[in-house]
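First comes the structure, then the notes that go with it.
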Amino acid sequence: MKLDQDIKKVNSEALHLIASSTELFLESLAEKSAQVALEKNRKTMKLEHLRVAVKRHQPTSNFLLDSLPMPPSQPSDPSPKVQSRRRLSKDKPLPSGTRRIEAFFHNCT
């Protein structure tokens, strides 16, 4: 939030609420991804499990699915429909002070 030039000050209660909400969201996403991994009899959670968990929850899928990197097991020549959707999300300008989630996942691998 400090990266956004439009925001001058942030109330400590608002900051705490956003931090708590983010923690709950990530916890829920991790639990759903772990459930997908268990359904596939896997002990290690992978990106494909996260993608399936996101696809199953429509509100999360609406904003997060296009930002997740494609798993390496996917064919190297995706269908034109997938390419156009990915291209549109990357061409879309970001609001001031925000970053794409790909940078986070790129640093983790």
Side-chain angles (χ1 to χ4, degrees):
M1 290 185 326
K2 291 182 180 182
L3 294 175
D4 193 346
Q5 296 172 354
D6 295 336
I7 299 175
K8 304 296 182 203
K9 291 184 180 181
V10 178
N11 187 334
S12 62
E13 288 88 8
L15 187 61
H16 177 72
L17 180 63
I18 291 169
S20 297
S21 299
T22 303
E23 184 178 344
L24 289 172
F25 171 73
L26 291 175
E27 183 179 319
S28 170
L29 192 58
E31 287 174 357
K32 290 176 182 178
S33 299
Q35 182 180 5
V36 171
L38 288 174
E39 289 171 6
K40 295 186 177 206
N41 296 323
R42 302 286 186 227
K43 292 182 180 180
T44 304
M45 205 168 41
K46 295 184 178 182
L47 177 59
E48 64 186 65
H49 304 135
L50 177 65
R51 288 185 65 83
V52 170
V54 169
K55 284 180 184 177
R56 288 181 182 175
H57 189 248
Q58 188 62 40
T60 304
S61 178
N62 289 342
F63 81 92
L64 187 57
L65 191 58
D66 289 338
S67 299
L68 290 175
M70 293 300 290
S73 64
Q74 294 290 330
S76 60
D77 186 26
S79 67
K81 183 178 179 182
V82 173
Q83 278 184 335
S84 66
R85 182 177 54 186
R86 188 181 312 138
R87 190 179 330 109
L88 290 175
S89 68
K90 288 190 179 190
D91 293 342
K92 197 165 141 183
L94 293 174
S96 174
T98 59
R99 296 180 289 178
R100 294 211 181 273
I101 198 165
E102 292 101 352
F104 172 79
F105 287 104
H106 180 65
N107 292 337
C108 291
T109 57

Do you know the tightest heavy-atom contact between Leu68 and Arg51? O-NH1, 3.2 Å
Can you list, pair by pair, the side-chain donor-acceptor contacts under 3.5 Å of residues 25-33, counting residues two or more places apart and other chains?
| residue | atom | partner | partner atom | Å |
| --- | --- | --- | --- | --- |
| Ser33 | OG | Leu29 | O | 2.8 |

In terms of hydrophobic clusters joined by side-chain contacts under 4.5 Å, are Leu47 and Val54 together? yes
Are Leu65 and Lys55 side-chain neighbours, meaning at least one heavy-atom pair lies under 4.5 Å? yes
Are any of the side-chain heavy atoms of Val52 and Glu39 separated by less than 4.5 Å? no
State whether the side chain of Ser20 and the backbone N or O of His16 hold a donor-acceptor pair below 3.5 Å, judged by distance alone. yes
Tell me whether Leu17 shares a hydrophobic cluster with Val10, the cluster being built from Ile, Leu, Val, Met, Phe, Trp, Tyr side chains joined at under 4.5 Å. no
What's the separation between atom NZ in Lys46 and atom NZ in Lys40, rounded to the nearest 0.5 Å? 10.5 Å
Connected via hydrophobic side-chain network under 4.5 Å: Leu15 and Leu24: no
